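Everything numeric here is computed off the predicted structure, so don't read it as measured data.
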Amino acid sequence: MKGSREEGKGKGKGGIMSKERLFQQVQEVVVGEDEDDIDSCCEEDTIPYPRGAANDMTDSELIGLLKQQPKDVPVMRTRESFRRFFARMKRDRMEYVLRAANMGKETGAADKKVAKRMALMQDCLV
């Protein structure tokens with residue numbers, strides 16, 4: 001029905017959409033469907049944990065956390081908490097973040113640390 005409240009839902013004066021409504025629509029498109037797709041594609045696999053919080057963080061935030069001592073970062077203090085935090089992250093992204101966090105170290109030592117962490121996460125990555 002032309003001119004009804006339903007047609008202009010979420011729009012303010014002059015038919016301009018409010019920031020809140022726009023943000024909500026973007027979230028529905030970008031986040032809503034993708035999260036369901038990730039979980040549904042992994043239903044049959046053997047990943048022992050739900051999607052970890054690291055998936056919602058930027059690479060630079062993760063690199064900053066990984067550069068710190070594990071005792072200073074509660075979500076990475078134990079092997080189990082590390083696995084839960086990074087669960088269901090894409091393998092490529094995990095390796096990239098680990099390599100970036102270990103860039104300043106000697107090549108052999110950095111490769112060894114990345115390999116050790118990737119082995120720890122072997123059954124938790126997609």
Side-chain angles (χ1 to χ4, degrees):
M1 191 159 70
K2 194 169 186 177
S4 71
R5 279 183 79 68
E6 202 58 40
E7 183 179 290
K9 190 175 183 179
K11 294 185 180 181
K13 291 182 179 178
I16 298 173
M17 188 178 298
S18 69
K19 287 181 185 178
E20 293 82 16
R21 181 67 185 141
L22 178 62
F23 180 74
Q24 184 182 13
Q25 284 184 342
V26 169
Q27 269 190 314
E28 289 170 2
V29 171
V30 175
V31 177
E33 294 176 11
D34 290 342
E35 284 185 19
D36 294 338
D37 291 344
I38 288 172
D39 290 338
S40 66
C41 77
C42 298
E43 286 176 356
E44 296 178 6
D45 63 15
T46 58
I47 295 178
Y49 306 110
R51 190 169 189 265
N55 289 290
D56 299 324
M57 299 175 73
T58 65
D59 289 352
S60 59
E61 289 172 326
L62 293 173
I63 291 166
L65 288 176
L66 286 164
K67 284 185 176 184
Q68 296 179 39
Q69 291 292 320
K71 66 181 181 180
D72 298 331
V73 185
V75 294
M76 292 186 223
R77 191 169 289 153
T78 65
R79 289 180 179 177
E80 190 66 21
S81 62
F82 185 89
R83 288 166 53 89
R84 286 184 189 279
F85 184 67
F86 287 102
R88 296 183 184 264
M89 181 177 278
K90 291 183 178 179
R91 261 178 225 290
D92 296 341
R93 182 177 183 212
M94 182 72 184
E95 187 169 356
Y96 166 77
V97 168
L98 288 171
R99 290 200 182 281
N102 290 294
M103 266 181 100
K105 298 181 180 175
E106 188 178 312
T107 306
D111 288 343
K112 190 174 181 180
K113 190 158 189 160
V114 169
K116 182 179 174 181
R117 294 289 184 167
M118 290 299 288
L120 176 66
M121 296 298 298
Q122 182 177 0
D123 64 337
C124 297
L125 301 173
V126 292

Determine all donor-acceptor pairs shorter than 3.5 Å in which one atom belongs to a side chain in residues 67-76; sequence neighbours excluded.
none

To the nearest 0.5 angstrom, please state how far the [atom1] atom of [X] sits from the [atom2] atom of [Y].
X      : Y      : atom1 : atom2 : value
Arg93  : Asp59  : CZ    : CG    : 4.5 Å
Met94  : Leu62  : CE    : CG    : 8.5 Å
Asp111 : Asn102 : CG    : CG    : 9.0 Å

- Item | Residues forming a salt bridge (Lys or Arg N to Asp or Glu O under 4.0 Å) with Glu106, sequence neighbours excluded |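 None.
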
- Message: Taking salt bridge (Lys or Arg N to Asp or Glu O under 4.0 Å) as the definition, give me every residue that meets it alongside Arg77, ordered by chain and number, with sequence neighbours left out.
- Response: none

- Query: Minimum heavy-atom separation for Arg88 to Asn55, with atom names?
  - Reply: O-OD1, 3.6 Å

- Item | side-chain contact (heavy atoms from CB on, under 4.5 Å) partners for Thr58, two or more places apart |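 Scan of Thr58 (side-chain contact (heavy atoms from CB on, under 4.5 Å), adjacent residues dropped) gives Ser60, Glu61.
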
- Message: Salt bridge or not between Arg91 and Glu95? Use side-chain N to carboxylate O under 4.0 Å.
- Response: no

Result block: side-chain N/O donor-acceptor pairs under 3.5 angstrom for residues 114-126, not counting sequence neighbours:
{"unit_1": "Asp123", "atom_1": "OD1", "unit_2": "Arg83", "atom_2": "NH1", "d": "3.0"}
{"unit_1": "Asp123", "atom_1": "OD1", "unit_2": "Arg83", "atom_2": "NH2", "d": "3.1"}
{"unit_1": "Asp123", "atom_1": "OD2", "unit_2": "Arg83", "atom_2": "NH2", "d": "3.4"}

- Query: Does Met57 share a hydrophobic cluster with Ile63, counting links as ILVMFWY side-chain heavy atoms below 4.5 Å and allowing steps through other members?
  - Reply: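 Yes; tracing contacts between hydrophobic side chains, which count when under 4.5 Å, links both residues.
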
- Item | Pairs satisfying ring pair (Phe, Tyr, Trp, His ring centres under 6.0 Å), at least one member in residues 83-125, at least two apart |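 Every ring pair (Phe, Tyr, Trp, His ring centres under 6.0 Å) pair that includes a residue of residues 83-125, provided the two are not neighbours, is Phe82-Phe86.
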
